[in-house]
> 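I'd like to ask you about the structure that follows.
Just so we're clear, the structure is a prediction, and the values are computed from it rather than from any experiment. By convention in this document, chain letters (A, B, ...) are assigned in the order of the sequence lines, proteins followed by strands, and residues within each chain are numbered from 1.
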Protein chains: 2
Amino acid sequence: MQHSTLKAILKKNGSSLTRTRRLIFDLLDGQDPQSMQVLISRAAGQLDRATIYRTIELFERLGIVHRLNIGWKYKIELSDVFTGHHHHLHCSKCGKILDLPSNPMLETMIDTLATKAEFAPRNHILEIYGLCPACKQAGSK
Amino acid sequence: MQHSTLKAILKKNGSSLTRTRRLIFDLLDGQDPQSMQVLISRAAGQLDRATIYRTIELFERLGIVHRLNIGWKYKIELSDVFTGHHHHLHCSKCGKILDLPSNPMLETMIDTLATKAEFAPRNHILEIYGLCPACKQAGSK
DNA sequence: AAATTATTGCGACAGATTTGCAAATATAAT
DNA sequence: ATTATATTTGCAAATCTGTCGCAATAATTT
Ligand SMILES: [Mn+2]
Ligand SMILES: [Mn+2]
Ligand SMILES: [Zn+2]
Ligand SMILES: [Zn+2]
């Protein structure tokens with residue numbers, strides 16, 4: 001639904017919005033973070049593996065997506081530009097990843113702490129691990 | 001310098017502190033987070049690749065080390081037990097990784113926000129990206 | 001010391017990511 | 001619209017990363 005923004009970002013960097021790129025964007029839009037393997041299999045028959053890697057690399061370079069590490073592997077999700085800034089709650093039991101909307105107090109505190117350390121913060125990633133509501137329930141029976 | 005703590009953790013889990021394990025621990029002690037490739041090359045001639053992977057896996061399982069997300073790779077550092085809980089400031093320019101000591105207010109706020117979302121937080125990772133003091137200076141000349 | 005158990009090295013291997021290059025597409029110039 | 005130019009994609013091969021089975025070594029127990 002944000003193809004115009006996507007196109008603008010690409011154009012600004014001298015690239016164009018091709019069928020391939022729209023397809024990959026759509027695979028990510030509105031979904032949980034996706035692994036490369038899932039993206040590759042969802043695009044099977046339409047796109048080559050190498051193209052997907054190259055496109056994700058391009059998207060990351062232009063700030064369209066970013067990578068999240070999940071244990072050993074990583075997953076891809078659209079960047080804050082498309083989703084709004086948020087953090088993640090990772091359930092250690094069922095593996096689900098929930099979004100935690102950003103909180104102004106928290107954001108301010110993070111920037112303040114970094115600044116006090118003479119650092120110039122630009123952005124950050126906060127991943128919280130624990131039990132999701134469902135698994136927390138199940139555990140306390 | 002914390003070989004006794006290391007030995008205790010290993011013993012508690014039915015493993016022993018071998019020369020190999022002490023060597024890998026020492027490669028991590030006091031250093032910035034290390035990539036597997038660096039660990040492997042630093043131990044070249046002394047330890048096999050497979051042994052290093054197996055040892056890091058063991059260390060992680062026992063909470064001796066943990067993995068850190070750096071872009072789409074990861075690096076290893078000693079866990080909070082040895083370093084104290086802290087976060088990281090990543091310089092986007094020179095690549096340096098600085099430690100940011102944990103702050104009680106921040107920790108509380110993170111746990112509170114997760115709890116409000118019906119989640120049971122156990123731990124978290126906060127990585128801040130931006131410019132380190134040196135690069136910030138250089139940029140504003 | 002002998003027996004038992006844990007640890008390590010050494011291939012071989014499977015999966016993930018990258019690369020070179022030719023074919024296909026898109027964009028710019030007649 | 002056609003031709004020239006630059007970008008993008010697919011395909012196959014190469015490389016890198018992490019894993020596994022198994023025999024050799026080292027540590028622990030009897
Ligand atoms: Mn998200
Ligand atoms: Mn650190
Ligand atoms: Zn869960
Ligand atoms: Zn720097």
> Could you check A:Ile40 against A:Arg19 and say which one's nearest nucleotide on DNA chain C is further toward the 5' end?
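Its nearest nucleotide being more 5', the pick is A:Ile40.
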> If you compare every side-chain N and O of A:Thr51 against the phosphate oxygens of D:dG10 (OP1, OP2), does one of them come in below 4.0 Å?
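Affirmative; the distance criterion is met.
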> Using heavy-atom distances to pick each residue's nearest nucleotide on DNA chain C, tell me which of B:Arg21 and B:Ala50 is more 5'.
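Nearer the 5' end of the strand: B:Arg21.
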> Starting at atom CG of B:Asp48, determine the distance to atom C1' of D:dG18, rounded to an integer number of angstrom.
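The distance from CG of B:Asp48 to C1' of D:dG18 comes to 12 Å, rounded to the nearest Å.
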> Start at the 5' end of DNA chain D and walk down; is the nucleotide closest to B:Thr18 or to B:Met36 reached first?
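With B:Thr18 and B:Met36 compared, the 5'-side residue is B:Met36.
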> Let's see if you can work this out: which of D:dG18, C:dT7, C:dT8 has an atom nearest to the side-chain heavy atoms of B:Arg54?
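In terms of side-chain proximity for B:Arg54, the closest of D:dG18, C:dT7, C:dT8 is C:dT8.
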> In whole angstrom, what separates A:Lys11's NZ from C:dT27's C1'?
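Interatomic distance, NZ of A:Lys11 to C1' of C:dT27: 11 Å.
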> Report the residue from B:Ile9, B:Leu28, B:Val65, B:Asp29 that forms a side chain to side chain contact (heavy atoms under 4.5 Å, CB included) with B:Phe82.
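Only one of B:Ile9, B:Leu28, B:Val65, B:Asp29 forms a side chain to side chain contact (heavy atoms under 4.5 Å, CB included) with B:Phe82, namely B:Ile9.
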> Can you check the A:Arg61 CZ to D:dT7 P distance for me, whole Å?
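About 13 Å, once rounded to whole Å.
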> OP1 or OP2 of D:dG18 less than 4.0 angstrom from a side-chain nitrogen or oxygen of B:Tyr74, does that happen here?
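For D:dG18, OP1 or OP2 has a side-chain N or O of B:Tyr74 closer than 4.0 Å.
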> Tell me: CD1 of B:Ile52 to P of D:dT19, nearest whole Å?
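Roughly 13 Å, once rounded to whole Å.
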> Rounding to an integer number of Å, can you tell me how far B:Arg22 CZ sits from D:dA26 C1'?
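Distance, rounded to whole Å: 14 Å.
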> Whole-Å distance between C:dT8 C1' and B:Ile56 CD1?
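Going from B:Ile56 (CD1) to C:dT8 (C1'), I get 15 Å.
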> Base, sugar-phosphate, or nothing for B:Glu57, non-hydrogen atoms under 4.0 angstrom?
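Since no nucleic acid heavy atom lies under 4.0 Å of B:Glu57, the category is nothing.
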> If I take atom CG in residue A:Leu47 and atom P in nucleotide C:dT17, what distance separates them, rounded to the nearest angstrom?
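A:Leu47 atom CG is separated from C:dT17 atom P by 17 Å.
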> Does the side chain of B:Tyr53 get closer than 4.0 angstrom to OP1 or OP2 of D:dG18 through an N or O atom?
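Looking at the OP1 and OP2 atoms of D:dG18, one of them is under 4.0 Å from a side-chain N or O of B:Tyr53.
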> For a quick check under 3.5 Å, do A:Arg122 and B:Tyr129 share a side-chain donor-acceptor pair by atom type?
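No, B:Tyr129 and A:Arg122 have no side-chain donor paired with an acceptor closer than 3.5 Å.
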> Considering only Ile, Leu, Val, Met, Phe, Trp and Tyr, and joining two whenever side-chain heavy atoms are under 4.5 Å apart, list the other residues clustered with B:Phe119.
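Reading the cluster by chain and number, B:Phe119 sits alongside A:Leu89, A:Leu98, A:Leu100, A:Met105, A:Leu106, A:Met109, A:Ile110, A:Leu113, A:Phe119, A:Leu126, A:Ile128, B:Leu89, B:Leu98, B:Leu100, B:Met105, B:Leu106, B:Met109, B:Ile110, B:Leu113, B:Leu126, B:Ile128.
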> Regarding A:Asp80 and A:His86, do their side chains bring together a donor and an acceptor under 3.5 Å, going by distance alone?
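Distance-only check fails for A:Asp80 and A:His86.
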> According to a strict under-4.0 Å criterion, is A:Arg49 in side-chain N/O contact with OP1 or OP2 of C:dT17?
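For C:dT17, OP1/OP2 do not have a side-chain N/O of A:Arg49 under 4.0 Å.
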> Looking at B:Gln37, does any N or O in its side chain come under 4.0 Å of the phosphate oxygens OP1/OP2 on D:dC16?
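For D:dC16, OP1/OP2 do not have a side-chain N/O of B:Gln37 under 4.0 Å.
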> Please tell me if A:Ser15 has a side-chain N or O lying less than 4.0 Å from either OP1 or OP2 of D:dT8.
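So the side-chain polar atoms of A:Ser15 do come within 4.0 Å of the phosphate oxygens OP1 or OP2 of D:dT8, strictly under.
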> Is there a donor-acceptor pair closer than 3.5 Å between any side-chain N or O of A:Thr112 and the backbone N or O of A:Thr108?
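Such a contact is found between A:Thr112 side chain and A:Thr108 backbone.
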> Just to confirm, is there a sub-4.0 Å distance from OP1 or OP2 of D:dA27 to any side-chain nitrogen or oxygen of B:Ser16?
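Result: no.
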> Using only side-chain N and O atoms of A:Thr20, determine if any of them is under 4.0 Å from OP1 or OP2 of D:dT9.
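Checking D:dT9 against A:Thr20, a side-chain N or O does come within under 4.0 Å of OP1 or OP2.
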> Starting from C1' on C:dT8, measure out to CZ on B:Phe59 and report it in whole angstrom.
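After rounding, the gap between these two atoms is 14 Å.
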> What residues form a ring-ring contact (aromatic ring centres under 6.0 Å, His included) with A:His124, not counting sequence neighbours?
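For A:His124, the residues satisfying ring-ring contact (aromatic ring centres under 6.0 Å, His included) (neighbours in sequence not counted) are A:His85, A:His87.
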